[in-house]
Amino acid sequence: MKLQKLDKNKIKNKRVLLRCDFNVPISAGKIREDFKIKQSLKTIVFLLDNNCEVILLSHLGQPKEGFDKKFSLKPIALYLSKILARKIDFLPYDKYSKFVDIKKEINTKSKNGQKIFLLDNIRFFDGEGRDCLRLGKSLASLADVYVNDAFAVSHRTNSSVSAVRRNKPSFAGFLLNKELENLEKIIKPKKPLVLVMGGAKIASKAPIIKKLYDKSSYILLGGALVNNFLKAKGFNIGKSLFDDGSDKIVKTYLNSKKIILPIDVVVGFKDSTGRMIKKIKSVSEVSDNDFIYDIGPETISLFSKYIKKARTVVWNGPMGKFEDSNFKKGTVMIASQIATHARGSAFGVVGGGETVEALNLSGMSSYMDWVSTGGGAMLDYLSGEKMPGIN
Ligand code: ADP
Ligand code: MG
C-alpha cells in the first residue's frame with residue numbers, strides 16, 4: 001500500500017512494525033557511529049508516546065548465509081535500551097525460524113507489558129534481497145500497521161520495504177519524510193545550484209550528473225572520477241585509479257563550461273626506499289609513476305569561489321583518498337567550505353557513506369542543512385530512479 005503521512009489518530013494503541021536503518025559501523029560489539037540511530041529516534045518516541053507496541057526491524061551489513069553473530073543487531077538493542085531508558089526485547093532468529101513462533105513470543109511478552117521489540121538482522125533471510133511475497137507477508141503478520149523510516153534502503157527492492165506493504169496500512173516515518181522534503185529542495189532548487197561530486201567511480205555518479213545537469217550552474221568534480229576526464233583531455237594520469245568503460249559520459253561533458261575540473265592535484269609515489277612521497281603538481285605535470293590522490297590547493301581555492309556563488313549546494317563523494325591523512329586536505333577543506341556556506345545563505349545537502357565520514361572529520365556537520373542517511377538512495381532519488389520502498 002502507498003505510504004501515508006504518520007498520523008496519531010491512525011496509529012494510536014496499535015502494534016507497529018517499524019523499518020529503520022540501524023546499519024551502523026560496529027566493532028567488537030561497540031557502536032562506532034550512531035548518527036543513523038539518533039535520526040531514527042523521533043519516530044520511535046512518537047509511536048511509544050501514542051501507546052503503540054513497536055517492533056523494530058533493520059538490516060546490518062551483508063551477511064552471506066543466515067545467522068552470523070558478526071551481523072547480529074544485539075548491540076543495537078543494548079544501545080537503544082540505554083538511550084531510550086527502557087528495556088528493548090531482542091528477538092533473535094535464523095533463516096529456519098518461523099514467524100508464527102516469533103509472533104507468539106511477542107504476544108506473550110506484550111501481555112506482560114513489554115512495549116518495544118527489536119528483530120534481528122532481516123538479511124538473515126534470503127528473501128530479503130528481493131521482493132519476496134512470502135517473507136513480506138510473514139513480516140506484515142506481526143503487526144497491525146507498517147511504518148517505513150529506512151530511507152537508505154528505499155531504493156532497493158527488498159521485502160522489508162516493498163513486499164511487506166502489500167495489503168498493510170503503511171506510513172512514512174518522520175526521518176523518511178524529512179529526507180524527501182529536503183531532497184525536494186534539490187529537485188526544485190534555489191539557483192544557482194552547484195553540484196560537488198567526487199568519489200571512486202564516475203559510473204555510479206553519472207545518472208545524477210545527467211539528471212541535474214540542466215538545473216546546475218556548475219558541477220565541480222574531484223576524487224578519482226576526475227581521472228577519466230583528465231585522461232580524456234590528454235593529460236598523463238600515471239598509475240591513478242581509472243574507471244574503464246565510462247567513455248560516453250566523459251565525452252558528453254568533457255568540453256562543457258559547467259563542468260569544473262581540478263587544475264592541480266596531490267600525487268603520491270614511492271621513492272627508491274619504498275617511502276610514500278607526496279607532491280603538489282599541476283594537472284599537466286603528473287608523471288608515469290604518480291598516483292593522483294587529492295585535489296591541490298589552487299583547485300580548493302577555485303572550487304571555493306564556485307561554492308560561494310551557490311544558493312543550493314549538493315555534495316556527494318570525497319575529493320580524494322581522505323582515509324589516508326596525507327590526502328585528506330582537499331576533502332576536508334571543501335567540506336568546510338560547503339558547511340560554512342550552508343551556515344550562511346545557501347541550502348546545503350550532503351550524502352554518501354564515505355562523504356559523511358569525511359564531513360565529520362571536518363567537524364562541521366552541524367552546519368549543514370541536511371546530512372542524508374542514504375548514499376545510494378539519495379543518488380537514486382535525485383536521479384529520478386524508482387524507489388520501491390516509497391512508491
Ligand atoms: P560515497 O560512499 O560517499 O558515495 P564513494 O563510495 O563514491 O563515496 O567514494 C569514496 C571513496 O573514493 C573513498 O574511499 C576514497 O578513498 C576514494 N577516492 C576518492 N578519490 C580518490 C583518488 N583520487 N584515488 C583513490 N581513491 C579515491
Ligand atoms: Mg561509498
Side-chain angles (χ1 to χ4, degrees), residues 21 23-25 33 35-36 61-62 151-153 155-156 183 186 195-209 212 219-231 235-244 246 249 261-270 276 278-281 283 286 289-296 299-300 303 314-335 338 348-362 365 368 370-383 385:
D21 172 19
N23 184 29
V24 297
E33 227 293 312
F35 173 62
K36 288 180 174 185
Q62 291 179 330
F151 174 72
V153 285
H155 62 316
R156 295 185 192 278
L183 296 181
I186 306 300
L195 202 57
V196 184
M197 303 294 297
K201 284 193 162 185
I202 181 72
S204 62
K205 318 285 169 165
I208 185 174
I209 294 177
L212 295 181
I219 301 175
L220 317 179
L221 297 183
L225 58 84
V226 113
N227 300 337
N228 282 66
F229 285 85
L230 295 177
K231 192 170 171 188
F235 293 117
N236 187 0
I237 59 164
K239 293 181 170 160
S240 310
L241 209 60
F242 179 76
D243 193 3
D244 263 331
S246 292
I249 166 120
L261 296 173
I263 44 181
D264 61 346
V265 289
V266 184
V267 301
F269 57 90
K270 298 250 168 86
M276 177 67 92
K278 72 172 191 184
K279 220 169 184 174
I280 296 163
K281 290 188 173 183
V283 289
V286 176
N289 288 324
D290 289 342
F291 288 84
I292 299 172
Y293 281 141
D294 198 4
I295 55 173
T299 305
I300 295 173
F303 282 9
V314 188
W315 175 35
N316 169 261
M319 295 289 103
K321 202 182 172 204
F322 74 98
E323 294 92 340
D324 179 337
S325 65
N326 282 310
F327 306 108
K328 70 174 185 192
K329 196 139 227 151
T331 304
V332 171
M333 293 293 281
I334 292 300
I338 297 173
V349 171
V350 171
E354 274 89 17
T355 313
V356 172
E357 222 176 277
L359 174 67
N360 289 337
L361 258 186
S362 80
S365 331
M368 290 304 304
W370 187 245
V371 179
S372 179
T373 52
M378 174 177 119
L379 291 182
D380 277 10
Y381 187 76
L382 291 177
S383 306
E385 299 285 324

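Just so you know, residue 1 is the first one in the sequence shown, and it goes up from there. When a ligand or atom number is given, it counts from 1 through the structure's own listing order. In what follows, every heavy atom counts, from backbone to side chain, and hydrogens, waters and symmetry copies are set aside.
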* Asked: Among all protein non-hydrogen atoms, which one is nearest to atom 2 (O) of ligand 1, and what is the separation to 0.1 Å?
  ->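 Ranking protein heavy atoms by distance from atom 2 (O) of ligand 1, first comes Glu354 OE1, 2.6 Å.
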* From the options Gly320, Gly353, Ala358, select the one whose nearest heavy atom is closest to atom 17 (C) of ligand 1. =>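 Of the listed residues, Gly320 has the closest heavy atom.
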* Per-atom contacts of ligand 1 with Ala200, taking only distances under 4.0 Å to non-hydrogen atoms ->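 So the atoms of ligand 1 that pass are 7 (O), 9 (O), 12 (O).
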* To do: Among all protein heavy atoms, pick the one closest to atom 25 (C) of ligand 1 and tell me residue, atom and distance.
  =>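 Ranking protein heavy atoms by distance from atom 25 (C) of ligand 1, first comes Leu241 CD2, 3.9 Å.
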* Asked: Can you list the ligand 1 atoms lying under 4.0 Å from a non-hydrogen atom of Thr355?
  ->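 Reading through ligand 1 atom by atom, the close ones are 1 (P), 3 (O).
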* Which N/O/S atom belongs to Glu354 and is the closest one to the Mg ion (ligand 2)? ->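 Among the N, O or S atoms of Glu354, the one closest to the Mg ion (ligand 2) is OE1.
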* **Cation-aromatic face contact Lys321/Phe327, 6.0 Å, 45 degrees** =>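 Because its charged atom misses either the 6.0 Å distance or the 45° angle limit, Lys321 does not stack over Phe327.
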* **Polar contact flag for Asn227 and ligand 1 (N/O pairs, less than 3.5 Å)** =>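 Asn227 vs ligand 1: no N/O contact under 3.5 Å.
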* So is Lys205 close enough to ligand 1, meaning a heavy atom under 4.0 angstrom away? ->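 Contact check Lys205 vs ligand 1: positive.
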* Using a 4.0 Å heavy-atom cut-off, say whether Asn316 meets ligand 1 through its side chain, its backbone, both or neither. =>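 Contact part for Asn316 vs ligand 1: side chain (C-beta onward).
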* Does a donor on one side chain sit under 3.5 Å from an acceptor on the other, for Asn23 and Asp21? ->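 Note: Asn23 and Asp21 side chains miss the donor-acceptor criterion.
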* To do: Could you check Thr299, Ile219, Val226 and say which one makes a side-chain contact (heavy atoms from CB on, under 4.5 Å) with Leu261?
  =>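 That would be Val226.
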* So is Asp294 polar-close to ligand 1, meaning N/O to N/O under 3.5 Å? ->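 No, there is no polar N/O contact under 3.5 Å.
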* Asked: Got an N/O contact under 3.5 Å between Ala224 and ligand 1?
  ->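 Yes; the residue has a nitrogen or oxygen that sits under 3.5 Å from a nitrogen or oxygen of the ligand.
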* Asked: Any N or O of Gly198 that comes nearer than 3.5 Å to an N or O of ligand 1?
  ->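 Gly198 vs ligand 1: no N/O contact under 3.5 Å.
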* To do: Could you point out which residue of Val332, Thr331, Asp294 forms a side-chain contact (heavy atoms from CB on, under 4.5 Å) with Pro318?
  =>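 Of the listed residues Val332, Thr331, Asp294, the side-chain contact (heavy atoms from CB on, under 4.5 Å) partner of Pro318 is Thr331.
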* **Side-chain donor/acceptor of Asp243 to backbone N/O of Ile202, under 3.5 Å** =>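 Yes; at least one donor-acceptor contact below 3.5 Å.
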* To do: Verify the distance criterion only: is there a donor paired with an acceptor across the side chains of Asn316 and Lys205 at less than 3.5 Å?
  =>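 Indeed, the side chains of Asn316 and Lys205 share at least one donor-acceptor pair under 3.5 Å.
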* **Over all atoms of both residues, closest heavy-atom pair of Phe242 and Ile237** =>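 Minimum heavy-atom separation between Phe242 and Ile237: CD1-CD1, 3.8 Å.
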* Asked: Can you check whether Ala152's main-chain N or O pairs, donor with acceptor, with Thr373's side chain at less than 3.5 Å?
  ->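 Between the backbone of Ala152 and the side chain of Thr373 there is no qualifying donor-acceptor contact (under 3.5 Å).
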* Please verify whether a non-hydrogen atom of Pro318 lies at under 4.0 Å from ligand 1. =>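 Yes.
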* Nearest option to atom 14 (O) of ligand 1, as decided by whichever heavy atom of Lys321, Met378, Glu323 sits closest ->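 Looking at heavy atoms only, the winner is Glu323.
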* **Contact atoms of ligand 1, heavy-atom distance to Ile292 under 4.0 Å** =>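 Under 4.0 Å from Ile292, ligand 1 has these atoms: 22 (C), 23 (N), 24 (N).
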* If you look at every heavy atom in Ser372 and Gly351, which pair is closest and at what distance? ->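 Closest approach of Ser372 to Gly351, heavy atoms only: CB-CA, 4.1 Å.
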* Asked: Is Val196 close to Met319 at the side-chain level, that is, under 4.5 Å between some pair of heavy atoms?
  ->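 Side chain of Met319 against side chain of Val196, heavy atoms only: contact under 4.5 Å found.
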* Asked: Is the closest N or O pair between Gly351 and ligand 1 shorter than 3.5 Å?
  ->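 No.
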